[in-house]
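Only this structure's heavy atoms are used, side chains among them; waters, hydrogens and symmetry mates stay out.
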Amino acid sequence: QDKEKLEICKLNDPPSAETVKDMIKYARNVIEEFRRAKHYKYILCLTLTPLVELLEICELSLDKMGAVFEDSNVYMLHMMYQAMGVCLYVQDWEGALCYGQKIIRPYSKHYPSYSLNVASMWLKLGRLHMALNNRTAGVKALKRAIAIMEVAHGKDHPYISEIKKELEDH
């Protein structure tokens with residue numbers, strides 16, 4: 001699946017091998033820069049300003065990488081996941097949902113059918129939909145998470161019971 005994971009944009013004039021190589025180098029650097037910035041910001045004290053800066057790093061790099069990479073590219077997914085995390089932290093549920101919806105299809109393609117990474121993303125999407133009063137989409141997403149988790153953990157796992165109770169309570 002490496003080719004799918006490193007998908008480049010399908011353009012009339014595809015980017016050169018050098019452009020792709022440069023973008024991979026850029027992506028690796030920005031991911032490392034983000035990790036350092038995130039670590040530094042957490043040590044200082046998370047205030048809204050540093051978080052806005054972290055989200056800006058994500059958005060700027062997504063714009064730049066998006067000129068060469070498809071959304072399903074692992075570098076794009078990594079940065080979208082980081083942006084989603086920042087949105088969750090600042091309680092920007094719409095922003096987090098937007099990133100999560102972009103992430104779920106490639107995750108479902110890249111990971112095995114019963115991957116807990118995919119289940120975790122469905123769980124986040126379900127909870128976001130519920131928080132935004134979209135019960136129908138929330139229930140559907142939570143049920144998808146449960147279906148994966150029942151295979152991965154077993155039907156009697158306490159975490160699955162907890163999610164089922166969440167569904168009943170809404």
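The shortest side-chain heavy-atom distance between L55 and C87 falls under the 4.5 Å cut-off. Here the side chains of Y75 and L6 are in contact, with some heavy-atom distance below 4.5 Å. Side-chain contact check for K5 versus L77: every heavy-atom pair is 4.5 Å or farther apart. Under the 4.5 Å side-chain criterion, counting only non-hydrogen atoms from C-beta, Q101 is not in contact with M84. Looking at F69 and E7, their side chains never come closer than 4.5 Å, going by heavy atoms from C-beta outward. Counting heavy atoms from C-beta outward, I160 and H157 have side chains that approach closer than 4.5 Å. By the 4.5 Å heavy-atom criterion applied to side chains, I8 and M23 are not counted as neighbours.
By the criterion of side-chain heavy atoms lying less than 4.5 angstrom apart, applied directly or through intervening Ile, Leu, Val, Met, Phe, Trp or Tyr residues, V86 is grouped together with L97 in one hydrophobic cluster. Note: the hydrophobic cluster containing M79 also contains V74 (ILVMFWY, side chain heavy atoms under 4.5 Å, direct or indirect links). Two different hydrophobic clusters hold L123 and V151 under the rule that ILVMFWY side chains link at heavy-atom gaps under 4.5 Å. In the hydrophobic cluster analysis, where Ile, Leu, Val, Met, Phe, Trp and Tyr join through side-chain heavy atoms closer than 4.5 angstrom, L125 is grouped apart from V139. Both Y111 and M121 belong to a common hydrophobic cluster when Ile, Leu, Val, Met, Phe, Trp and Tyr are linked at side-chain heavy-atom distances under 4.5 angstrom.
Sorted by first then second residue, the side chain to side chain donor-acceptor pair (under 3.5 Å) pairs that include residues 137-151, not counting sequence neighbours, are E150-K164. Residue pairs meeting the side chain to side chain donor-acceptor pair (under 3.5 Å) criterion with at least one member in residues 62-73, sequence neighbours excluded, do not occur. A side chain to side chain donor-acceptor pair (under 3.5 Å) check over residues 124-135, counting only residues at least two apart or in different chains, returns the pairs Y81-K124, R127-E166.
Summarising the geometry, atom CE belonging to M80 is positioned 9.5 Å from atom OH belonging to Y107; distances are rounded to the nearest 0.5 Å. Between the CD1 atom of I163 and the OH atom of Y159 there is a distance of 5.0 Å, given to the nearest 0.5 Å. Atom CE in M65 sits 10.5 Å away from atom CG in L60 (nearest 0.5 Å). Put simply, CG on L128 and CG on L88 are 5.5 Å apart, with the number rounded to the nearest 0.5 Å. The structure places CD1 of I103 at 11.5 Å from CG of N117, a figure rounded to the nearest 0.5 Å. Atoms CG and CG, on L142 and L167 in that order, are 5.0 Å from each other to the nearest 0.5 Å.
A distance-only check finds a donor-acceptor pair linking the side chain of S61 to the backbone of C58 [under 3.5 Å]. One N or O on the side chain of S108 and one on the backbone of I104 form a donor-acceptor pair closer than 3.5 Å.
By the side chain to side chain contact (heavy atoms under 4.5 Å, CB included) test, Q91 pairs with W93, sequence neighbours left out. Taking T19 as the reference, P15, S16, V68 meet the side chain to side chain contact (heavy atoms under 4.5 Å, CB included) condition, with sequence neighbours excluded. For K25, the salt bridge (charged side-chain N to carboxylate O under 4.0 Å, His left out) criterion is met by no residue, not counting sequence neighbours.
Here the closest heavy-atom approach between residue S115 and residue I148 is recorded as O-CG2, 3.4 Å. Heavy atoms only, all atoms of each residue included: A119 and M149 are closest at CB-CG, 3.7 Å.
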- Give the C-alpha distance, both sets of side-chain angles, the deciding distance and a yes or no for side chain to side chain contact (heavy atoms under 4.5 Å, CB included) between L62 and Y99. CA-CA 11 Å; L62 284 166; Y99 283 113; 3.8 Å; yes
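For D156, the CG atom sits in a loose shell: 12 or fewer heavy atoms of surrounding residues, nucleotides or ligands are nearer than 6.0 Å.
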